[in-house]
Amino acid sequence: MGIRSRSRHHFLDRTRHRVMLGILSSLIFFVLALGIGFFEHRLLETLPLIGTAILLEAQPGVAASIALGFHPMAGAMISILSNLILVPWLLLTFHQVVTRWRWARHRIERAKKLAGKYGKYGVGALTFLAPFLGAYVSIALGVAMGWKVLNTLTMTMVGMLVSVFIIAYGGHWVAHLFSL
């Protein structure tokens with residue numbers, strides 16, 4: 001086996017390993033979100049909640065959980081876990097998507113301009129931007145800015161967690177206020 005063949009084989013093994021890790025991570029997030037719905041005895045309501053959080057982000061997902069009558073903690077956790085289902089795929093495919101899709105490059109450039117105001121604060125700015133930009137855009141922005149992936153994920157998660165719990169408990173309080 002030649003050097004070129006061995007390096008290609010090594011690249012394919014690493015890629016295969018990353019894809020399997022992405023599948024496993026996404027599956028774990030999905031099963032955990034579904035499990036919370038099962039323990040809440042609201043399995044059928046959990047499925048559209050998972051879909052909402054995947055497509056529209058965790059904040060609209062948790063707002064939907066209030067409307068569906070979930071406990072604030074359960075609704076917040078399902079929304080957060082569901083929102084994380086696509087994160088491994090975003091991290092795995094970010095470079096390919098940005099280099100191949102002009103639309104994605106345009107979105108990243110617009111987000112970079114917005115982040116330019118906050119860039120002097122570094123990756124910590126994602127804590128404040130994540131509730132407004134969403135987890136997917138915040139993570140993509142952090143990767144595009146060259147920030148460490150773990151720091152990007154951490155700061156994005158902090159912003160997402162704070163905003164989701166504020167919405168969950170604040171929305172539950174408002175809903176309870178009007179139901180009296």
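No single ILVMFWY cluster, assembled from side-chain heavy atoms under 4.5 Å apart, contains both Val174 and Val162. Transitive grouping of hydrophobic side chains (ILVMFWY, heavy atoms separated by less than 4.5 Å) keeps Ile167 and Phe132 in distinct clusters. Under a hydrophobic clustering in which Ile, Leu, Val, Met, Phe, Trp and Tyr are joined whenever their side-chain heavy atoms come within less than 4.5 Å, directly or via other members, Leu24 and Phe29 fall into the same cluster. Under the 4.5 Å side-chain heavy-atom criterion for grouping Ile, Leu, Val, Met, Phe, Trp and Tyr, Leu49 is connected to Phe39 within one hydrophobic cluster. Cluster annotation: Leu81 and Leu55 are assigned to distinct hydrophobic clusters (Ile/Leu/Val/Met/Phe/Trp/Tyr, side-chain heavy-atom contacts under 4.5 Å, transitive).
Crowding of Phe128 atom CZ: a count of heavy atoms from other residues, nucleotides or ligands under 6.0 Å not exceeding 12. The 12-atom threshold is exceeded at OH of Tyr136, counting heavy atoms of other residues, nucleotides or ligands nearer than 6.0 Å.
Hydrophobic clustering, defined by side-chain heavy atoms of Ile, Leu, Val, Met, Phe, Trp and Tyr closer than 4.5 Å, leaves Trp103 isolated from every other such residue. Here Val19 is tied into one hydrophobic group with Met20, Ile23, Trp89, Leu92, each link being a pair of ILVMFWY side chains closer than 4.5 Å.
Smallest separation of non-hydrogen atoms from Ser82 and Ile78: OG-O, 2.7 Å. The two residues Met157 and Leu84 make their nearest non-hydrogen contact at SD-CD2, 3.5 Å. Contact record, Ile85 with Ser26: O-OG, 2.6 Å, taken as the closest heavy-atom pair. When every heavy atom of Pro131 is checked against every heavy atom of Ser163, the shortest pair comes out as CB-CB, 3.7 Å. Contact record, Trp147 with Thr152: CB-OG1, 3.6 Å, taken as the closest heavy-atom pair. Across all non-hydrogen atoms, the minimal contact from Asn83 to Ala53 is ND2-O, 3.1 Å.
By the side-chain contact (heavy atoms from CB on, under 4.5 Å) test, Leu91 is found to be paired with Val87, Ile139, Val143, Val149, Leu153, residues two or more places apart in sequence or in another chain being considered. Looking at residues two or more places apart in sequence or on another chain, you find no salt bridge (Lys or Arg N to Asp or Glu O under 4.0 Å) involving Glu40. By the side-chain contact (heavy atoms from CB on, under 4.5 Å) test, Ala130 pairs with Ser138, Thr156, sequence neighbours left out.
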What verdict does the side-chain contact (heavy atoms from CB on, under 4.5 Å) test give for Leu126 and Met160, after you've listed the backbone C-alpha separation in whole Å, the side-chain angles of each residue and the deciding distance to 0.1 Å? CA-CA 10 Å; Leu126 291 177; Met160 184 172 69; over 6 Å; no
Report the C-alpha separation of Tyr169 and Trp173 in whole Å, then their side-chain angles, then the decisive distance to 0.1 Å, and conclude whether the side-chain contact (heavy atoms from CB on, under 4.5 Å) test is met. CA-CA 6 Å; Tyr169 282 97; Trp173 178 76; over 6 Å; no
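For Ser25 (side chain) and Gly22 (main-chain N/O), no donor-acceptor pair under 3.5 Å exists by modelled atom type.
The distance from the CD1 atom of Ile36 to the CD1 atom of Ile80 is 9.0 Å, given to the nearest 0.5 Å. Annotation: the span from Glu57 atom CD to Leu133 atom CG amounts to 9.5 Å, rounded to 0.5 Å.
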May I have the list of side-chain donor-acceptor pairs in residues 62-73 shorter than 3.5 Å, sequence neighbours left out?
| from | atom 1 | to | atom 2 | distance (Å) |
| --- | --- | --- | --- | --- |
| Ser65 | OG | Val62 | O | 2.6 |
| His71 | ND1 | Met73 | N | 3.1 |

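Residues Phe30 and Ile50 have side chains in contact (heavy-atom distance under 4.5 Å, counting atoms from C-beta outward).
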